[in-house]
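Step one of this worksheet: look at the structure below.
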Amino acid sequence: MTAKPKRPMQPQHIWLKSKWPAKELDGKTVEFRIWLKPEKPNQRPPAVEGNGKFRTLSNPKGLTRIEITVNQQGRDQYERVETVFFCPQHSADLIEKNPPGSKFDFSLFEFPKS
């Protein structure tokens, strides 16, 4: 008997209520400090810091999907790697607009800077 090949994990799109209209966030820059979901129960969630852009979508039910995309250099000059973080409701509630002249349009901080 041969083992079935593992399929890559499919993204879990999260629809939520947002104080920000999707159009206002989409394509805007964001600096973030977030906790990732642990791989196993009772594991400490890993922390991630960085910056990227929001990618948002709204649906007819008035819900919004918010993702943070981070585009990085790959193995060589021809490769780019895009990492996508899916925002749950508690993260979306922490999105703040930065003052004019800031390096990034928005911030999302789940924990203080270390």
Side-chain angles (χ1 to χ4, degrees):
M1 180 161 97
T2 59
K4 287 185 178 180
K6 282 189 175 183
R7 291 178 44 183
M9 186 189 288
Q10 295 300 310
Q12 295 293 319
H13 299 299
I14 302 167
W15 293 96
L16 49 87
K17 288 272 187 197
S18 175
K19 63 183 175 183
W20 302 102
K23 289 180 183 179
E24 191 168 345
L25 293 177
D26 196 46
K28 298 293 193 311
T29 59
V30 59
E31 57 183 330
F32 61 89
R33 289 191 296 272
I34 58 175
W35 297 106
L36 296 182
K37 185 176 179 180
E39 290 185 28
K40 297 177 183 175
N42 301 324
Q43 238 183 1
R44 184 172 183 212
V48 176
E49 296 185 53
N51 61 74
K53 287 188 175 185
F54 282 121
R55 182 166 56 198
T56 62
L57 190 63
S58 58
N59 71 18
K61 294 179 181 177
L63 300 175
T64 304
R65 186 175 81 206
I66 302 173
E67 303 169 354
I68 298 173
T69 62
V70 179
N71 197 311
Q72 298 171 304
Q73 181 63 51
R75 293 172 292 202
D76 57 43
Q77 65 186 15
Y78 303 107
E79 182 181 60
R80 300 296 296 173
V81 177
E82 183 178 76
T83 304
V84 180
F85 300 102
F86 300 94
C87 289
Q89 185 69 58
H90 70 273
S91 298
D93 293 342
L94 297 172
I95 296 171
E96 296 293 334
K97 190 167 193 155
N98 287 337
S102 298
K103 187 173 180 181
F104 301 100
D105 300 313
F106 290 88
S107 59
L108 192 173
F109 297 137
E110 293 185 353
F111 57 89
K113 194 169 189 163
S114 52

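Values below: all heavy atoms of this structure, side chains included; hydrogens, waters and symmetry mates excluded. Quick caveat, the model's predicted, so the values are computed rather than measured.
Put simply, the side chain of Pro88 does not reach to within 4.5 Å of the side chain of Leu16, judged on heavy atoms. At least one side-chain heavy atom of Ile34 sits under 4.5 Å from a side-chain heavy atom of Leu108. Taking the side chain as every heavy atom from C-beta outward, Glu110 and Phe32 never approach each other to under 4.5 Å. Looking at heavy atoms from C-beta onward, Leu25 lies out of side-chain contact with Thr64 at the 4.5 angstrom threshold.
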Derivation and outcome, side-chain hydrogen bond (donor to acceptor under 3.5 Å, both in side chains), residues Gln73 and Arg80: CA-CA 5 Å; Gln73 181 63 51; Arg80 300 296 296 173; 3.1 Å; yes

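Formation of a donor-acceptor pair under 3.5 Å by the Glu67 side chain with backbone atoms of Val84 is not found in this model. Within the 3.5 Å criterion, the main-chain N or O of Ala22 finds a donor-acceptor partner in the side chain of Thr56.
Under a cut-off of 6.0 angstrom, the local environment of CG in Asp76 is crowded, with over 12 non-hydrogen atoms contributed by other residues, nucleotides or ligands. Within a 6.0 Å radius of NZ in Lys28, other residues, nucleotides and ligands contribute more than 12 heavy atoms. No more than 12 heavy atoms of other residues, nucleotides or ligands sit less than 6.0 Å from atom NZ of Lys61. Shown here is Glu39, whose CD atom has no more than 12 heavy atoms of other residues, nucleotides or ligands within 6.0 Å. Around atom CZ of Arg75, no more than 12 heavy atoms belonging to other residues, nucleotides or ligands sit under 6.0 Å away.
Minimum interatomic distance between Val48 and Phe111 (heavy atoms only, all atoms of both residues): O-CZ, 4.3 Å. What you find for Gly52 and Ile68 is that their closest heavy atoms are CA-CG2, 4.5 Å.
Note on ring orientation: taking the six-membered ring where Trp is involved, the planes of Phe54 and Phe106 are perpendicular (angle over 60°, cut-offs 30° and 60°).
The CZ atom of Arg55 lies 7.5 Å from the CZ atom of Phe86; values are rounded to the nearest 0.5 Å. Taking OG1 from Thr83 and CG from Asn71, the interatomic distance works out to 8.5 Å, rounded to the nearest 0.5 Å. Taken from NZ in Lys23 to OG in Ser58, the straight-line distance is 7.5 Å, to the nearest 0.5 Å.
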